[in-house]
Amino acid sequence: MEQKRESWGSRFGFLMAAAGSAVGLGNIWRFPYMTGMNGGGAFIVIYLGCVILVGLSIMIAEFAVGRRTQLAAVGAYKTYSNKWSFAGVLGVLSGFFIMGFYPVVGGWSMYYIIKSLTGLLAVPEAIGDVFGAFIGNPVQPVIWMLVYLAVNLFIVARGVQAGIELAGKILMPILYVLLIIVTLKGFTIPGASEGLRYLFVPNWSEVTGGTFLAALGQAFFSLSLGMGCMITYGSYLNKEEKLPNNALIVVSLDTSVALLAGLAMFPALFAFGLEPTQGPGLVFVVVPQIFASMGGIGPLFSAIFFVALFIAALTSSVSLLEVCVAYLMDEKKVDRRKATYGTGVVMAILCTLSSLSLGAMSGVTFLGVGAFDFFDILTDKIFLAIGGALLAIFAGWFLKKEDLKDELTNGGTLQFGLFEVWYNVVKYVIPVLVGIVAAVGIASIEQTGLMLFGLGIIVVLAIFSKKL
Ligand code: PHE
């Protein structure tokens, strides 16, 4: 507990930790395939709208609430009233459920490092089949998931120390460089321009209420918002830092990686005649193909790319796990190691179910979907958006305006010219906008049972708030 109230060593350290949390599978794995499944350019325009209008303001709000209260999510809400603790617990639950599938994909990235190096991805034609066979295998992906999860547990059990920050500082730039190389390489493949058109010429005919929710959910997921992660990180921040500037930097870094990933993937995808709608396998199929087509040391680049993907994922899942562990430590007084390993065991079980749901157990569904989709839809489409809206309502309607102003201007010593704009966006625009998008989008979720289950959890949490 004592140790948790430490502040970040440096501004760069904080930025890398926050950007490390934000930049992850959401940008490189999820963003491209979501774009592909939601019609391309139109999705990107809506996504950028969500990031600028909603994401940035909420990130500023999360930082402000965290630094003001000096507490992680649940505690921060509680300082205002016990009635609000459910909003924090909803966040913890979101983190917990995201960890029900995230490590599965993290495990894939580890396996693909080795696959690339052992030459198994050198035959372009076979790459799609290799992926399909791998994730459907009942043993291998489960083992890699466990290895991936173990690395997370190891780091979090010791406290998030210089190791992970250092890895972020070194590997994030490498990730950028590699994405740029892949992008440039992709542009040179004949037929690439169709991919660019797909990305940048919006086709509005495919847009539905569901597209807006998909974009909003993706924005929350990618920016690590709506679940208290940035509240927690903000709580370790010293009083000199300029919150709005830092939020802008984190949002820009995150968005640029997502766009770069799209740029790297789509031209090649079209050039190779692959399906943009193929879903979660996209990055695992397209990237090895680009490098395999280079021949020579191509596979080496492929391996480095997956190392970078693994690191990006790791710095994110560590933050997800940390939110759960911080809750158990702060609110339930469990010690760090017990909290970490206890949560880890449960996560391992959830992830095993998720992994098996893509193959051996694909027939087993709960409320209409397999485990992997269950955790994904529940968090991304329901919990995060509602969590974000609750935070905006909390900040806009329950906290004192002067306190927020004081926090965002560092006690009046800084200018934050857009304060009024920000405040009104948080107070009025976000609750209404997110409310509408969430209502329309959630109503359009095909699995009605799942939708009601998700909403039911929120209601139950709200009722038992005082016990949380
Ligand atoms: N932002 C991370 C990613 O894009 C995932 C994440 C979500 C991390 C929520 C923390 C909190 O992969």
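Values reported hereafter were calculated over all heavy atoms of this structure, with side chains retained and with hydrogens, waters and symmetry mates removed. When a ligand or atom number is given, it counts from 1 through the structure's own listing order.
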Please write down residue, atom name and distance for the protein heavy atom closest to [atom].
| atom | answer |
| --- | --- |
| atom 7 (C) of ligand 1 | F221 O, 3.3 Å |
| atom 8 (C) of ligand 1 | S224 OG, 3.2 Å |
| atom 9 (C) of ligand 1 | M227 SD, 3.3 Å |
| atom 2 (C) of ligand 1 | S21 O, 3.2 Å |

Purely on distance, is any nitrogen or oxygen of [X] under 3.5 Å from one on ligand 1?
| X | value |
| --- | --- |
| A22 | yes |
| S319 | no |
| G26 | yes |

Residue pair A261 / L179: nearest heavy atoms and the distance that separates them |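 The answer is CA-CD2, 4.1 Å.
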
If every non-hydrogen atom of F284 is compared with every non-hydrogen atom of Y112, which pair is closest and at what distance?
->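 Where F284 meets Y112 most closely, the heavy atoms are O-CE2, 3.4 Å.
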
So T35 and Y47, side-chain hydrogen bond (donor to acceptor under 3.5 Å, both in side chains) or not? Walk me through it.
-> CA-CA 9 Å; T35 303; Y47 175 76; over 6 Å; no

Is any side-chain N of the basic residue among E241 and R67 closer than 4.0 Å to the acidic one's carboxylate O?
->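 Judged by the 4.0 Å cut-off on N to carboxylate O distance, E241 and R67 do not form a salt bridge.
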
Could you tell me whether R30 and D376 make a salt bridge, using a distance below 4.0 angstrom between a side-chain N and a carboxylate O?
->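 Salt bridge between R30 and D376, a charged N being under 4.0 Å from a carboxylate O: yes.
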
Short list, please: which atoms of ligand 1 are under 4.0 Å from a heavy atom of L25?
->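 Going through ligand 1 atom by atom, the ones under 4.0 Å from L25 are 12 (O).
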
Donor-acceptor pair between S224 and S21 side chains, under 3.5 angstrom |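 Per modelled atom types, S224 and S21 side chains form a pair under 3.5 Å.
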
What do the steps show when you test F306 against F291 for ring-ring contact (aromatic ring centres under 6.0 Å, His included), and what is the final call?
-> CA-CA 12 Å; F306 286 111; F291 289 120; 8.5 Å; no

Take every heavy atom of Y102, measure it against each atom of ligand 1, and state whether any distance is under 4.0 Å.
->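 Heavy atoms of Y102 do come under 4.0 Å of ligand 1.
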
